[in-house]
There are 2 protein chains.
Amino acid sequence: MTPENPRERLLEAAGEIFAEKGFKGATVRDIIDRAGVNIAAVNYYFRDKKSLYIETVKHAACGESEDAHLAWAPGTPPAEKLRDLIRFQLLKLLDPSRPAWLSRLIMRELTQPSAACAELVREYIEPRSKVLLGILRELLPPGTPRRKLYLTAFSIVGQCHFYCSHKPIIRLLLGEDEYQRLDPATLAEHITQFTLRALGA
Amino acid sequence: MTPENPRERLLEAAGEIFAEKGFKGATVRDIIDRAGVNIAAVNYYFRDKKSLYIETVKHAACGESEDAHLAWAPGTPPAEKLRDLIRFQLLKLLDPSRPAWLSRLIMRELTQPSAACAELVREYIEPRSKVLLGILRELLPPGTPRRKLYLTAFSIVGQCHFYCSHKPIIRLLLGEDEYQRLDPATLAEHITQFTLRALGA
DNA sequence: TTGCTTTTGAAACGCTTGTTTCATATAATT
DNA sequence: AATTATATGAAACAAGCGTTTCAAAAGCAA
């Protein structure tokens, strides 16, 4: 499971800890402790903590991109593609069994950008935003202005990310029992229906 | 403008700096520097950094609550109330002239909750969530289940908060020019229309 | 083996952090 | 005015931080 390569082990451990505590909150001793390597390895394989962080974010984004190959048969109705996309995104954001630190690390980078942010947008955000915008172009009447496409995309992604970024508040508002009943499939269905009606489909 | 009371000055300065850098990222020397007081004042007026943080969040939430008195004449159509609510929220989230650190501090607490979180939800979140839920009860058919009300509320708030929490990414995606054109009024109108259509109004 | 490079380990170095100390200044009380 | 309580200031503290050092270990070519 865990790789032998110290460099890889550092990236894995750093991903978990940076995601959990943020850049400042995480200490290199925490990281090398979980990775099971000597502290000098940070300086040896990466130059310093900051470089380790940037490489970690890129590593996480790269690992996330792999499983994102949503491909539909030609002729698939755009509404169905939208539903798939939303469901897929929510599953990735909320499924606790998957290595959640990937999404959380990315989410953290999005809200408190560092040097890794621009690169992350280029490698990770833009490709999948292109997919969503493509679907919306099919759903909305031809000639819809670019701005409207983006605003609609933001409305969709905003709904999805809310359940991830505001998780603790939702839990407090709904109560633990009710919160447990919010499975990703239910949420995806709600957001899809909400969005499709908003688009007049 | 700035109060004479060292305690108040500390709360103001701490609000700005905690909002900007988070709890770990902010240093007490940063704070006492901006407040213009001696470092011993932190220990004197509050016990330590953590207590200062909790008091700061409560202080900020309290200050925010004051101007939240959205009162409508009886008989106002719920769609109009919704528009007002969304516009008001977006203005508070995005207007750079206002002391933005209030919202940002609260946002930060929501996504990375600490000891101050539960109290914040009780004092700050629940009251205004009640307002929104009340409007939705008017908009949606009677007998709509509680869960559906909440999901709808999350869809609305999620759309609004997205522009605040993902601001850097939006800027990168749209480009600086296009981003500058996104004034709160435009966004509020989009979200309102999007939501009203989704609700079939 | 020998000699060289690459990798690891334990320790220490500065530096910054939150916190404390204590002497002094200011205000309040009698 | 004298005395006590309150507030401030400058300095230092101990702990934790990122980073560096350097010698020993491991890998590898000749």
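The basis for the numbers below is simple: all heavy atoms, side chains too, and nothing from hydrogens, waters or symmetry mates. To find a chain, count down the sequence lines: A is the first, B the second, and so on, and within it residues start at 1.
Ranked by how close their nearest DNA chain D nucleotide is to the 5' end, B:R29 and B:P6 are led by B:P6.
Each salt bridge (Lys or Arg N to Asp or Glu O under 4.0 Å) pair with one or both residues in residues 22-33 of chain A, not counting sequence neighbours, appears once here: A:K21-A:D30.
Every side-chain contact (heavy atoms from CB on, under 4.5 Å) that B:A40 has, sequence neighbours left out, goes to B:N38. Considering only residues two or more places apart in sequence or on other chains, B:R147 meets the salt bridge (Lys or Arg N to Asp or Glu O under 4.0 Å) condition with A:E178.
Put simply, NZ on B:K21 is 13 Å from P on C:dT16, counting in whole angstrom units. Between the CG atom of B:N5 and the C1' atom of C:dA27 there is a distance of 15 Å, rounded to whole Å.
Looking at residues 41-49 of chain A, you'll see A:N43, A:D48, A:K49 sit with a heavy atom under 4.0 Å from some atom of DNA chain D.
Using cut-offs of 30° and 60° on the angle between ring planes, the pair A:F162 and B:H161 is perpendicular. Ring geometry for B:Y53 versus B:F23: interplanar angle over 60°, hence perpendicular rather than tilted (30 to 60°).
Contact check for A:S51 versus A:I54: no side-chain heavy atoms found under the 4.5 Å cut-off.
On the nucleic acid side, DNA chain D has its first and last nucleotide under 4.0 Å of a heavy atom of chain A at D:dC17 to D:dT21, going 5' to 3'.
The overall bend of the helix from C:dT1-D:dA30 to C:dT30-D:dA1, read as the angle between its terminal helix axes built from five base pairs each, is 10° when rounded to 10 degrees.
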